[in-house]
Asker: 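Would you mind keeping the following structure in view while I ask a few things?
A, B, ... follow the sequence lines: proteins, then strands. Residue 1 opens every chain.
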There are 2 protein chains.
Amino acid sequence: MIYFIIFTKYMKTKKRTTIYDIAEKLNIAASSVSRALSNSNHVNEATKKLVLKTAAELNYKRNNLASNLRKGQSKTIGVVVPFINQNFFSNVIAGIEEASYKKGYNLIICQSNELQSKEIKCVNTLINQHVDCLVISLAADSSDHKHLQNVIDNGIQLIQFDRVAGELETLKVINDNEQASLEAVSHIIEQGYKRIALLEGPQNLDIFGQRKKGYLAALGKYNMPVLDELIIENAWTKDLGAEATRKLLNLAEPPDAIFASTSDFSALGVLEVALAMGIKVPSELGICGYSNEAFTEITSPSITTIDQFSVYMGKTVANLYFQEMDNKDGTEVAPQIISIKPKLIVRTSTKRNG
Amino acid sequence: MIYFIIFTKYMKTKKRTTIYDIAEKLNIAASSVSRALSNSNHVNEATKKLVLKTAAELNYKRNNLASNLRKGQSKTIGVVVPFINQNFFSNVIAGIEEASYKKGYNLIICQSNELQSKEIKCVNTLINQHVDCLVISLAADSSDHKHLQNVIDNGIQLIQFDRVAGELETLKVINDNEQASLEAVSHIIEQGYKRIALLEGPQNLDIFGQRKKGYLAALGKYNMPVLDELIIENAWTKDLGAEATRKLLNLAEPPDAIFASTSDFSALGVLEVALAMGIKVPSELGICGYSNEAFTEITSPSITTIDQFSVYMGKTVANLYFQEMDNKDGTEVAPQIISIKPKLIVRTSTKRNG
DNA sequence: TAAATCATTGCAATCGATTGCAGATTAAAA
DNA sequence: TTTTAATCTGCAATCGATTGCAATGATTTA
């Protein structure tokens, strides 16, 4: 009696074919198989073809763990962001993935949930994984940066983007936040708004400091006074934006424009409160957000905002790494900071003229 | 778009400390170091402490490539989705990440760009990477599924979610699309709409077939006729939704409601065309989308839609894998399908009564 | 024809961590 | 005191692919 037993469910025990299996079958050395598979020119063409054919037949898949261990590199880029499912970050990641994929690199992705404690764990995991490059945008409560120094000390290329630790000498890809804010606020002023409020984000993140600088610079440029009561700290969610707006609009002398420098979500909070209070946008109140979230185009009125070219930013990050790799042989110098100029997108919420 | 550039010197990578370095320094065997680091109880407490201390001093990081090679597992989950930066997928990924992180697993993420050709490459890459589990949501033009069978044949746990190949016996996490559609269309009918159009997606993806079934079931339930001219194929982007709407609203007998079963983007296209044509929503035209994208809450009127619990779906996927792992010793095997019941979110765009 | 060059191939070490086995030391039981 | 058990440690093989070196035979050049 003959039984054919087929295991469909649990085949984890099944051994995968290795170069040794191919070598044995063809009665040649494993090294020749390896050379054939990596298309080395130290193998006979006939052998190469034979190996390739047999590999296909046996459904051979290279074990990258072994390969990478031997070669001392992992062809892997680690990415740490606060949240994967925030529009800006998912776009950056998409950009990184697109560029990396072309070069045969894989992405390992972690989220810090805006917590430094988790950020540190993520970074350590990625160091353990022997990523070749680590890309990070800092968590909001990130204060010291020993864990990043650690990345460098382990010989891993570190690239920071957007929310960067300025004092660390690493490759960086950032937006020119100050310039963008300057342009946005200038535009608001040119539309005839006189009392412009600022919703600012956590100042321990450089980006928010820069946006504030741009705001102040614009006021300075047009000789307008800086009014402290119009500057609200930490208003970077929709709810906080709404709350801040209620406070602002109940002032004796309320603002006639609000620059939500923190995010479009914050701007959305502003808009909703204004509409609920019967205040007309843009005639009585101008609103400008930051990030060009998809919804800013859809609200009524549509919201003026700033596009950060997030997918492009991701591609830039990845290509910066590859460029750095190409350069690695010489002792020559390499570019350290790439600044992408964001673009002001003027929509209805600030159009008072014309 | 790229501007100022600062130069710095390239840093040479140095050799990382291994267990041998620790062993040498303490004059013990590498195996003891390994045991100490993995908290085995086959090492003396004193030795263990000493090793841990020295490891910290030398800034030792385990080389997971080597560890995983030896152990025959990678503690890595591969994820393939059409686009990382689509709301639904980025949410699912965030959910997977959250659950995986807790178990010490890492995520490798690829995007198929809705192309089967790229999907196949991604899958092969992940097999090469020796992921322990591969999670996938199929590309729109995915037709045959040899590459998925390949995953199984390589002993990798395969989990499909949302856009699944029904005929493949794998773990699956899906939405109950039919039930959700049934409820949505029933709601529309109960609001008094009589001629309900359907915008349907590529029927080679099961999910869109199921949504259509739900639509038909609802019509049947209320004894309403199925009108072929009100069913539009492949209208699953904003532009295609808009185009379909123009066609529908110009019919001799136009619909009084449109169920954009494909996506909220499609529904948005419907809304914009309707408003541009001066048709009142919801009184003259009811609109229902699918997915509960953030913007559906913001449009005026806000759009009725269906929430898929995407983050939860991601967590479910990951936990399904871990549960399967815990079970691996037992002989019994039931290819599990977990169906998550989506939730109808009624908003203004379909509220004719009350 | 002898010497030199070239193309192929195999051997064996290597990457770093893990683990079965055996030997050594110590503690506990007889 | 002897036997047995328990604890600790090291040796060496292993995971799978890569690569420097040496060896083989073939081809070319002097």
Asker: Do A:Ser143 and A:Gln116 pair up side chain to side chain, a donor and an acceptor below 3.5 Å, judged on atom types alone?
Answerer: yes
Asker: Would you say CD of A:Glu24 has more than 12 non-hydrogen atoms from neighbouring residues, nucleotides or ligands within 6.0 angstrom?
Answerer: no
Asker: Where is the tightest heavy-atom contact between A:Gln111 and A:Cys122, given as atom of each residue plus distance?
Answerer: O-SG, 3.8 Å
Asker: Regarding B:Ser34, tell me which of base, sugar-phosphate or nothing describes its non-hydrogen contacts under 4.0 Å with the strands shown.
Answerer: base
Asker: Extract, from 5' to 3' on DNA chain D, the first and final nucleotides lying under 4.0 angstrom from some heavy atom of chain A.
Answerer: D:dG16 to D:dG20
Asker: Taking the side chain as C-beta and beyond, is there a heavy-atom pair between B:Leu138 and B:Phe161 under 4.5 Å?
Answerer: no
Asker: Measuring only between side-chain heavy atoms, which start at C-beta, is A:Val92 closer than 4.5 Å to A:Val311?
Answerer: no
Asker: Using a strict 4.0 Å threshold on nitrogen-to-oxygen distance, state whether B:Lys118 and A:Glu97 make a salt bridge.
Answerer: yes
Asker: Establish, from distance only, whether the side-chain atoms of B:Asn128 and A:Asn64 form a donor-acceptor pair under 3.5 Å.
Answerer: no
Asker: If only side-chain N and O atoms count, and only distance matters, is there a donor-acceptor pair under 3.5 Å linking B:His130 with B:Gln73?
Answerer: no
Asker: Around atom CZ of B:Phe322, are there more than 12 heavy atoms of other residues, nucleotides or ligands at under 6.0 Å?
Answerer: yes
Asker: Counting neighbours of NZ on A:Lys121 that are heavy atoms of other residues, nucleotides or ligands and sit closer than 6.0 Å, is the number greater than 12?
Answerer: no
Asker: What are the atom names and distances for every N/O pair under 3.5 Å that joins the protein to nucleotides 4-9 of chain C?
Answerer:
| from | atom 1 | to | atom 2 | distance (Å) |
| --- | --- | --- | --- | --- |
| C:dT9 | OP1 | A:Thr47 | OG1 | 3.2 |
| C:dT9 | OP2 | A:Asn44 | N | 2.9 |
| C:dT9 | OP2 | A:Thr47 | OG1 | 3.0 |

Asker: Enter the inter-axis angle for the ends of the helix from C:dT1-D:dA30 to C:dA30-D:dT1 (five pairs per end, rounded to 10°).
Answerer: 50°
Asker: A:Ala30 or A:Tyr20: which one's nearest nucleotide on DNA chain C is closer to the 5' end?
Answerer: A:Ala30
